[in-house]
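Structure record follows, encoded as structure tokens.
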There are 2 protein chains.
Amino acid sequence: MTSIPTPGTPVRGSKSGDPIMALFDLLGRRWAMGILWTLCKTGPCTFRELQANCGSISPTVLNTRLKELRLALLIDHKDDGYQATPMGKELYNLLLPIGGWSGQWADVLAESND
Amino acid sequence: MTSIPTPGTPVRGSKSGDPIMALFDLLGRRWAMGILWTLCKTGPCTFRELQANCGSISPTVLNTRLKELRLALLIDHKDDGYQATPMGKELYNLLLPIGGWSGQWADVLAESND
DNA sequence: TTGAACGCTACTGTTTTAGTAGCAAAAATA
DNA sequence: TATTTTTGCTACTAAAACAGTAGCGTTCAA
């Protein structure tokens, strides 16, 4: 079966059986973590709201990421828009400490650039 | 000043002042988290060892990611090869819970694909 | 019934990554 | 010491991912 990649539908997949690598492969794409983060912080969002809250994400990529995150059971698409699934919120809770840490990291980084 | 991007030298930067978004921008690139993960798990590594342990990463991208992670003060390049800085290890420790969680995530995901 | 907003797709061009080959320097070996 | 091997890395080409804009069909309010 030949895969025919079309624009907006990524084809890369993790061959390694390691779950963390599969997760890194999913989250290691542009905006993936940012979308989950924003969605969990602000609650259910529409497509346009997400687009605005995430910064300057293009609709093509936003749509692609949303599909991927939905396939990964991290977000859901109901009548009131997109929202994180329970599992997505679990991941968000594990991301939270990193969010706090990033403040210190940015400080040290700014200091070193003098 | 016109920026002239050359292969292997990414140009994207986080405009948002949010540290977590800057971190996501850094980690949201292919292999970034995998490299830090592997480096912290196996200890100091040479270039070739990293290349082997990470799976199938190409030398161009590995070199680019290593430069970025070094600029971000997360890894260091000493005589005995590459290794995580104290700050990089801090981040790794925050990543660890996600590593554990990814196992359950993969299980649920596999179940849903029947 | 008009028109405005929404969710999304099509399209084109740029940036990033993959994959291979190979060079210069260091290290190992003879 | 001379030769081979390994290492760290760069050059190059092709493919994949992303940005940016335009616009289609639907919904929904005026």
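Letters go in sequence order (proteins before strands), and every chain restarts at 1.
Near DNA chain D, meaning a heavy atom under 4.0 Å from it, residues 44-53 of chain A has no residue at all.
By the 4.5 Å heavy-atom criterion applied to side chains, L66(A) and H77(A) are not counted as neighbours. N63(A) is not listed as a side-chain neighbour of P59(A), based on a closest heavy-atom distance of 4.5 Å or more. In this structure, W101(A) and N93(B) have side chains that are not in contact, with every pair of non-hydrogen atoms separated by 4.5 Å or more. Between L95(B) and L94(A), the closest side-chain pair of non-hydrogen atoms is not below 4.5 Å. Contact of the S58(A) side chain with the L62(A) side chain is not registered, since no non-hydrogen atoms from C-beta on lie closer than 4.5 Å.
Rounded to whole angstrom, the span from the CG atom of L62(A) across to the C1' atom of dG20(D) amounts to 14 Å. One can place CG of N63(B) at 14 Å from P of dA18(C), the figure rounded to the nearest angstrom. Per the geometry, CG belonging to D25(B) stands 12 Å off P belonging to dC18(D), to the nearest Å. One atom, CG of L66(B), and another, C1' of dG8(D), lie 11 Å apart when rounded to the nearest Å. Summarising the geometry, the separation between NZ on K67(B) and P on dC9(D) is reported as 9 Å, rounded to the nearest angstrom. As a whole-Å value, the separation of I35(A) CD1 from dC18(D) P is 10 Å.
At distances below 3.5 Å, at least one donor-acceptor pair connects side-chain atoms of N53(A) with backbone N or O atoms of E49(A). Panel note: side chain T85(B), backbone L74(B); a donor-acceptor pair is recorded below 3.5 Å.
Taking only side-chain nitrogens and oxygens, R65(A) comes nearer than 4.0 Å to OP1 or OP2 of dC18(D). Residue R30(A) places none of its side-chain N or O atoms closer than 4.0 Å to OP1 or OP2 of dT15(C). Regarding contacts with the backbone of dC8(C), a side-chain N or O of Y82(A) is found under 4.0 angstrom from either OP1 or OP2.
Considering only side-chain atoms of P59(A), the nucleotide from dC8(C), dC18(D), dC11(C) that sits closest is dC8(C).
Residues W31(B) and G81(A) both approach DNA chain C. Their nearest nucleotides, taken by heavy-atom distance, put G81(A) toward the 5′ side.
Ring-plane geometry between Y82(B) and F47(B) is classed as tilted, the angle between the planes lying from 30 to 60 degrees on a 0 to 90 degree scale.
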Legend entry - Watson-Crick and G-U pairing of DNA chain D written in dot-bracket, each distance under 3.5 angstrom, with | for inter-strand partners: ||||||||||||||||||||||||||||||

Inset, instruction - Could you walk me through whether W37(B) and M21(A) pass the side-chain contact (heavy atoms from CB on, under 4.5 Å) test, one step at a time? - result: CA-CA 9 Å; W37(B) 183 268; M21(A) 289 305 170; 3.9 Å; yes

